[in-house]
Amino acid sequence: RALTLEAAKLAGLPTLRLVEEPQAAFHDFLHRHRDELQTQLAHTRRILVVDVGGGTTDFSLIDVAFDESGEPQFTRSGVGNHLILGGDNMDLALAHLVETRMASGAEGGMLLSAARLSQLMERCRAAKEVLLSSEAPEKATVTLLGSGSRLIGGTRSVDLTREEVATMVVDGFFPLVAASDT
């Protein structure tokens, strides 16, 4: 934030106002729909803007009121506290899937420590990014090295397919639903 302000100052911008991503997305929506806002928002009194990113999920709640001429007026009434991590939740869901598969092939099961689960999440993130990229392969292998004296012997690998990652991450977190669905 400080670097952005400094860059704007160095670039000679006279006035600068930084806004959070959900608010910026809402301003973009307003600009793109400026000619039909009165119609589109006629029965709307509150708007929830959700910005799900690779690492964070941000929320802004915006109240809608109309002035005497019928023009919509907007007041941001709530901002999320960045408590939910969007991409991290997806990576954790994939890590639990991989962990379950790894445990089924391990003697006595496999319970990961927090540090090892974090390593697995990082490897799942990398696999997710590869599998959801353009020209992605059909599958990617997620490997978790063993620890201590079992560094090599304790190594486990599981394949994730492009289809299952897309299903879990896209459909699981953003299912296609009707606008009227709760």
Side-chain angles (χ1 to χ4, degrees), residues 1-7 18-29 47-62 76 78-179 181-182:
R1 186 177 181 97
L3 291 174
T4 301
L5 292 170
E6 180 64 24
L18 297 179
V19 296
E20 293 86 3
E21 289 173 340
Q23 191 174 1
F26 184 64
H27 282 287
D28 178 65
F29 169 83
I47 299 169
L48 174 64
V49 181
V50 181
D51 170 28
V52 180
T56 61
T57 299
D58 302 308
F59 301 94
S60 285
L61 195 58
I62 299 170
R76 189 173 60 166
V79 178
N81 289 328
H82 306 287
L83 298 177
I84 299 173
L85 297 177
D88 289 349
N89 278 343
M90 295 171 190
D91 300 340
L92 181 60
L94 289 170
H96 284 307
L97 172 67
V98 169
E99 180 184 29
T100 300
R101 289 185 185 166
M102 287 180 175
S104 68
E107 291 179 28
M110 182 177 159
L111 183 60
L112 296 179
S113 67
R116 305 244 315 130
L117 183 60
S118 180
Q119 291 172 2
L120 184 58
M121 282 177 60
E122 180 60 28
R123 286 171 176 78
C124 287
R125 181 194 58 77
K128 172 192 75 180
E129 290 174 359
V130 166
L131 291 169
L132 295 181
S133 66
S134 60
E135 300 181 31
E138 285 299 316
K139 65 180 181 176
T141 301
V142 176
T143 300
L144 186 63
L145 294 175
S147 60
S149 63
R150 296 185 42 99
L151 181 64
I152 304 300
T155 297
R156 300 279 180 247
S157 294
V158 169
D159 285 337
L160 286 175
T161 68
R162 180 177 6 151
E163 182 179 340
E164 70 186 343
V165 169
T167 298
M168 179 174 270
V169 170
V170 178
D171 298 336
F173 281 82
F174 307 106
L176 186 59
V177 297
D181 289 349
T182 303

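Computation of the quantities below employed the complete heavy-atom set of this structure, encompassing side-chain atoms and omitting hydrogens, waters and symmetry-equivalent molecules. Along the sequence shown, the residues carry numbers beginning at 1.
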**Study point:** Exam field: side chain Arg123 to backbone Gln119, donor-acceptor pair closer than 3.5 Å
**Key:**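 Yes: the side chain of Arg123 pairs with the backbone of Gln119.
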Review point. Got a donor-acceptor contact below 3.5 angstrom from the Arg156 side chain to the Leu144 backbone?
Key: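 Here the side-chain-to-backbone pair does not exist.
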Taking side chain as C-beta onward, heavy atoms only, is [X] less than 4.5 Å from [Y]?
X	Y	value
Leu117	His96	yes
Ser157	Val142	no
Met90	Leu94	no
Met168	Leu160	no

Locate the shortest heavy-atom distance separating [X] from [Y]; write the atom from each residue and the value.
X	Y	value
Asp159	Lys139	OD2-NZ, 3.4 Å
Thr4	Leu18	CG2-CD2, 3.8 Å
Arg76	Ser60	CD-OG, 4.1 Å
Asp91	Met121	CB-O, 4.0 Å

**Study point:** Gap separating the CG atom of Leu120 from the OG1 atom of Thr143, nearest 0.5 angstrom
**Key:**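 That separation rounds to 10.0 Å.
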Practice item. Working to the nearest 0.5 Å, report the span between CD of Glu122 and SG of Cys124. Key: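 These two atoms lie 10.0 Å from each other.
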Review point. When you look at CD of Glu163, are more than 12 heavy atoms from neighbouring residues, nucleotides or ligands closer to it than 6.0 Å?
Key: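 Counting other residues, nucleotides and ligands, CD of Glu163 stays at 12 neighbours or fewer.
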